[in-house]
Amino acid sequence: MSRHHGPDRSLRHAVRLARVLLSSQYALMLEFRAEIVLWALSGVLPLIMLGLWSGTGVASIPGFTPQRLVHYFLAAFVVRQFTIVWVIHAFEEDALQGRLSPALLQPLNPFWRYLAAHVSEQATRLPFVLAIVALVALVHPAALWWPTPAGLLLALLATHLAFLVRFVIQSALTMLCFWSERAAALERLLLIPYLFLSGLVAPLEAFPEPMRSFALNTPFPWMVWFPAQLLSGGTVPVARGFGVLAAWGLLFLPIAVLLWRAGLRRYSAMGA
Amino acid sequence: MPIIRAEGLSKTYRVADKQPGLLGTLRHFVARRSRDVPAVSEVSFAIEPGEIVGFLGPNGAGKTTTLKMLSGLIHPSAGTVEVAGCVPFRRQGRFLRQISLVMGQKQQLIWDLPPLDSLRVNAAVYGIEDAEAHRRIQELADMLELGDELTRPVRKLSLGERMKAELLAALLHRPAVLFLDEPTLGLDVNAQARVRRFLADINRRTGTTVLLTSHYMGDITALCPRVLLIHQGHLFFDGRLDALTERLTPCREVRLELAEPQPAAAFAPFGALESLEGRRVRLLIPQEQLTGAVARLLAMFAVLDLEVSEPPIEELIGRLFQQGVVG
Amino acid sequence: MARPAPELLRYLRTLRRFWAASLAAELEYQANFVLELLAVSANLAGSLFTLSLFYGHGHDLGGWSWDAALVVLGLYTLLDGLTTTLLQPNLSTIVTHVRTGTLDFVLLKPIDSQFWLSARTFSPWGLPGLAAGAVLVVVAAVRAGARPDALHLVAAALLLVASALILYSLWFVLAATSIWFVKVWNATEVLRSALVAGRYPVSAYPAGLRLFFTVVLPVAFLTTVPAEAILGRASPLWVVSSLLVAAVALLISRWFWGFALRFYTSASS
């Protein structure tokens, strides 16, 4: 136990912490598996939209065949499942139940715990998402496809990055809980453009021109449409996609940190 | 004619057996195993109108289950129960208008609004005219020493003020029977005393029958001439509080201060030695031998001080439940 | 003859007290009004935009004209407002009641517990949605050239009530399952997300989904069928089956609550 291996020790500590956090959160999430199935089911929007699009206007989307459309919406469904973020609700609940103060006494920023909870929840969700995809394949064998290894890898990366960016943005919003009881309502408001612009209701190729450029300048399509296209083998500007996601993440990370510090000051000033 | 009558009242819960851990979870998922756990067995008693009766027993003894069967929230597994001439679990309007339930851990008042708003809702629900409701609120508020607390949001009230407002809400419709489950839980000594005083008051003024469970023996000794003691689902005792003390320990505690220290063996002929610290001795002596024993003690030893007392009831009951004397 | 009237009056008086109290509680959060207004406008704009994607290239949805499809969207907005005003705030409290054990207090009140749980609170924040939906329905119907006669108007009104009752029953049954599964709140999220399908006429879906949305999850009766009536093309068969579905759904919700309560009162501790 030499004291000279500081960096090595802190790395070991971090690995151990991550392992413990993830395994305990996974056990917790398993307790809520029924809930998580329901959550997974509540992401059916892309499948409903698939129904609508396949009935009509496929021909009007440039570069889409009926089969490509099935692949796209199925991919969007999967991507959405693994980019769901609920940190603001968890935080609000914890603050309301008085669990925040004890958490602040631990030598670990509570957001690491929330992050571990999200990752664990995704792991719990995985089998159910696979089951739903299998079900679709059973009904509709042509709906399945094999993504290229490169496409799969990029899609995986993009999905995780999209999740992280959403997590960071929502965390920044979460910090407003320190000032307002209505921070979660703001998140609900932000979810509306996400819903319509992210590509959940239609691939961006279906958007008319000024709208499409506008949407691409928001972070939303890069969180669903971009990974979904990568996964389903569509053409997307890969470098731009990763660049945009990274930029939004890097923009909001310092905002979240600053708001966290200011929020804590306010919290402790008010006597918790 | 009794206002509450229970005969052979029993309740059995079916609980799922689940082993801890992932494997246990999976096994439970595939093949559910459950077993029946008796919560209350064969309990019978009768309570006359106007009585205040305390329900005693350790956690999980079946107090709350019994209370819930009496108030109609739980269907008994066996036996009959009749409260105010009705069968509780049918929850007919006639029955519900005659009873009320106060729970120390739960509240019926609307959190974000002043108690007065909740009271207005209750008045409408119970079909009480506004003028009459106003009069009753005034009267009860006076008894409870509630003033502008009634117009402050519930979330801004202290625990004691909240409990008083809960009591007001529970009594607005003038129930004939009031059930209380741990009404003084978490209250400070002053607030506890005020709640007790109020309950005694309301019982005296209106003849409301009161049935209460409490962890605080103080509530029971102050309020309840009669207690029902439940242990492991069985009714172990039904009678006057002092008779319970008698039955639990037909012993008295004798404290001695001696001029000279004595060996422990010297006290063996008198009774059970509880403690011996130098010149201070505590002995438990059976009631019927008390006089003789004290005389002999005084004769044998140089006694500086002697004190005879009843062991405190909390201690007796606590010891009783620990030893599991009751079978 | 004298008995039902006071009973009814008592329920009405209770309802008035319920809503007055919840209005008083809600009005402490005025910022909600702005937020809800924004949410309703943004949702409407998004829905219109999505709809325009289908119609933009000269296609239509299941044979419905743009204006006719807007009537469906308007009805959806109306029902969504109803959900925000009554269904969601009330039925989410069922879950809280079960979790905290305060359902006991409700059960001990001399009033129908389903009535209490369904009407206890009233959130004014759904009113912008209700208003926006109503305006959209009327404007779109006029633009679609609907000339409904009195009979059709009566049918439309009946069908609207029926669709509200179906929606209510669906919510209530789901919320009632919280007696068994305390964390059921997500189930209503599933319902809400599946009901999004009601934004569009049901004939726009492929045959399998159409069947699903008619028989299993009666989305068709929520928006499409009343819209047909408003547009003056209701068929008696649909009107009758809609009313039937509503009646059955309501009865099921009533029966299911009784069943759930029997379970609650024999199992709770």
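Chain letters run A, B, ... following the sequence lines, proteins first, then strands; residues in each count from 1.
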Worksheet item: Of all the residues in residues 80-95 of chain A, which have a heavy atom that comes within less than 4.5 Å of a heavy atom in chain C?
Response: none
Worksheet item: Can you list the residues that meet the ring pair (Phe, Tyr, Trp, His ring centres under 6.0 Å) rule with A:Trp222, with sequence neighbours excluded?
Response: A:Trp225, A:Phe226
Worksheet, complete the sentence: Among residues 202-214 of chain A, those lying within the under-4.5 Å heavy-atom range of chain C are A:Ala202, A:Ala206, A:Phe207, A:Pro208, A:Met211
Response to the item:
residues 218-226 of chain C vs chain A, non-hydrogen distance cutoff under 4.5 Å, contacting residues -> none
Fill in: Side chain to side chain, C:Phe49 and A:Val201, heavy atoms closer than 4.5 Å
no
Item to complete: Check the surroundings of atom CZ in C:Phe33: do more than 12 heavy atoms from other residues, nucleotides or ligands lie under 6.0 Å from it?
Response: no
Worksheet entry | Nearest heavy-atom neighbours spanning A:Gly51 and C:Pro206 | O-CD, 3.2 Å
Fill in: Residue pair A:Val44 / C:Ser193: nearest heavy atoms and the distance that separates them
CG2-OG, 4.2 Å
Item to complete: Measure the CG-CG distance between A:Leu186 and C:Leu38 for me, rounded to the nearest 0.5 Å.
Response: 9.5 Å
Worksheet item: Once you round to the nearest 0.5 Å, how far does CG of C:Leu53 lie from CH2 of A:Trp53?
Response: 5.0 Å
Item to complete: Please indicate whether A:Arg68 has more than 12 foreign heavy atoms, meaning atoms of other residues, nucleotides or ligands, lying under 6.0 Å from its CZ.
Response: yes
Worksheet item: Once you round to the nearest 0.5 Å, how far does CG of C:Leu209 lie from CD1 of A:Ile48?
Response: 8.0 Å
Worksheet entry | Heavy-atom neighbours of C:Arg233 CZ exceed 12 at 6.0 Å | yes
Worksheet, complete the sentence: Ranked by heavy-atom pairs below 4.5 Å to chain A, first place among C:Ser47, C:Ala194, C:Gly62 goes to C:Ser47
Worksheet entry | Nearest-0.5 Å distance that lies between atom CE in A:Met49 and atom OG1 in C:Thr50 | 5.5 Å
